[in-house]
Amino acid sequence: MTGRVKPKRFPWAFILRAVAGAAILTFVLTRVDFSGITLTWDTRARIGFALTVIILFFSQVLSAIRWNLVLGREPTLPFRYLFRIYLIGQFFSFFLPTSVGGDAVRAVAVAKVSSRPSWALSSVVLERVLGLIAMFILLGIGALAAPDVLNSAIAATTINFQPTRMHLLLVLAGGMLLFAGFLRIGMRQPRIAQFVREAVSLWSGLLARPAAGVAAMVTSFLVQLSYIGAWYVLAVALRLPIPAADFLVFVPFVAIAAMLPVTIAGIGLREGAWVLLLARHGIPAANAVAYSLLYLVAFLLIGALGGVAFALSGIGRADTAVSTPSPVAAKG
């Protein structure tokens, strides 16, 4: 007796986000006077673009190192495999919702070769959380270094809404209550409960290895600084008059916008954010959009490497199955 084959669902969510991204990008492009572009594609711009690609490639290497530190030394997941999967995840992120859509691909890839899929998924989530922590700390440093830049960024991206401390406390308290509620409901589901237990185990294992934990956090800062550096190098190459300190604020704002689950790979949201943020420097919208799209092209080149890797070897390991250690072994 054969089992019933589940009919494939039409990818409505993907199509809606693709349409939303195209609509937002079209909205931005149709309101930009591209005849006002003053950027020149000279030798300086080409060299800067090449350096941007190199920096972004280096950021993927650092990200894979961070993931390896989170997993620990015991799992038989070689760094070469993790790096390949990171590139493949970057490739698929251009076809998935938000700028971190490739994380789902990485989770699926490692889960396929792991005896504990929930543990593998937890490692991806923890690695991403470390990156977000580093990003918000750098944003805080940027706010201290240039508070006026932070205020203008908030005003530009929130329709001149200026939150007070009470507003921030209320949002924080509301977020914590929602999280607690969702967690309590989710723990009733076996899969979610298993994921939470594996996540706690992974956190405990990382805390039990202070050197690895510190190294993972330092690597997270280096990853975020590499992204900031890539945007800065490209701006300098294009002769955009943006102070270096401003990027500590601007880049996190753009990253947060791109993470919103509205479009595919954050397309449209990223360009709109740069138009709003760079207006304070008197940079024409056409230049801001061109700047953002050129950065996207640089990242597309990195993603293309992942596409080649996926075409050649897929997401699995053909040599051996991976055995995942117990939490006790991971602490060693």
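Bear in mind that the values here come from a model prediction, so they are computed numbers and not experimental data.
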What verdict does the side chain to side chain contact (heavy atoms under 4.5 Å, CB included) test give for L139 and V249, after you've listed the backbone C-alpha separation in whole Å, the side-chain angles of each residue and the deciding distance to 0.1 Å?
CA-CA 5 Å; L139 175 59; V249 175; 4.2 Å; yes
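In this structure, the separation between CD on Q90 and CG on L56 is 8.5 Å, given to the nearest 0.5 Å. Within the model, atoms CD1 of I55 and CD1 of I302 stand 10.5 Å from one another, a figure rounded to the nearest 0.5 Å.
Residues passing the ring-ring contact (aromatic ring centres under 6.0 Å, His included) test with F310, sequence neighbours excluded: F92. Residues meeting the ring-ring contact (aromatic ring centres under 6.0 Å, His included) test with F79, sequence neighbours left out: none. Listed by chain and number, the residues in a side chain to side chain donor-acceptor pair (under 3.5 Å) with S59 amount to none (sequence neighbours excluded). Among residues two or more places apart in sequence or in another chain, the side-chain contact (heavy atoms from CB on, under 4.5 Å) test is passed with F58 by L62. Scanning for ring-ring contact (aromatic ring centres under 6.0 Å, His included) contacts around F221 gives an empty result, with sequence neighbours left out. In this view, I256 and M135, F136 satisfy the side-chain contact (heavy atoms from CB on, under 4.5 Å) rule, not counting sequence neighbours. Residues passing the side chain to side chain donor-acceptor pair (under 3.5 Å) test with R44: none are found, sequence neighbours excluded. For R66, the salt bridge (Lys or Arg N to Asp or Glu O under 4.0 Å) partners at least two apart in sequence or on another chain are E127. Evaluation of the side chain to side chain donor-acceptor pair (under 3.5 Å) rule for Q224 yields no partner, not counting sequence neighbours. Listed by chain and number, the residues in a side chain to side chain donor-acceptor pair (under 3.5 Å) with W67 are S123 (sequence neighbours excluded).
At least one side-chain heavy atom of V70 sits under 4.5 Å from a side-chain heavy atom of L130. Between R128 and V125 the shortest side-chain heavy-atom distance does not fall below 4.5 Å. Y227 has its side chain within reach of Y295: a pair of non-hydrogen atoms, C-beta onward, lies under 4.5 Å apart. Residues I283 and I242 form a side-chain contact, since some pair of their non-hydrogen atoms from C-beta on lies under 4.5 Å apart. Residues L240 and L234 fail the side-chain proximity criterion, which asks for heavy atoms closer than 4.5 Å. At a threshold of 4.5 Å between non-hydrogen side-chain atoms, the residues L276 and F253 do not count as touching. You'll find the side chain of L138 stays beyond 4.5 Å of the side chain of V251, heavy atoms only. Looking only at side-chain heavy atoms (C-beta outward), R270 and W274 come within less than 4.5 Å of each other.
Q60 and S63 are not linked by any side-chain donor-acceptor pair at a separation below 3.5 angstrom, with hydrogens and angles left out of the test.
Hydrophobic clustering (side-chain heavy atoms under 4.5 Å, transitive across Ile, Leu, Val, Met, Phe, Trp, Tyr) groups F91 together with L301.
The main-chain N or O of A288 is never found under 3.5 Å from a side-chain atom of S292 such that the two would form a donor-acceptor pair.
Other residues, nucleotides and ligands contribute at most 12 non-hydrogen atoms within 6.0 Å of the OH atom of Y232.
Residue pairs meeting the salt bridge (charged side-chain N to carboxylate O under 4.0 Å, His left out) criterion with at least one partner in residues 210-235, sequence neighbours excluded, are absent. Applying the salt bridge (charged side-chain N to carboxylate O under 4.0 Å, His left out) definition to pairs two or more places apart or across chains, those involving residues 229-251 are D42-R239, D246-R280.
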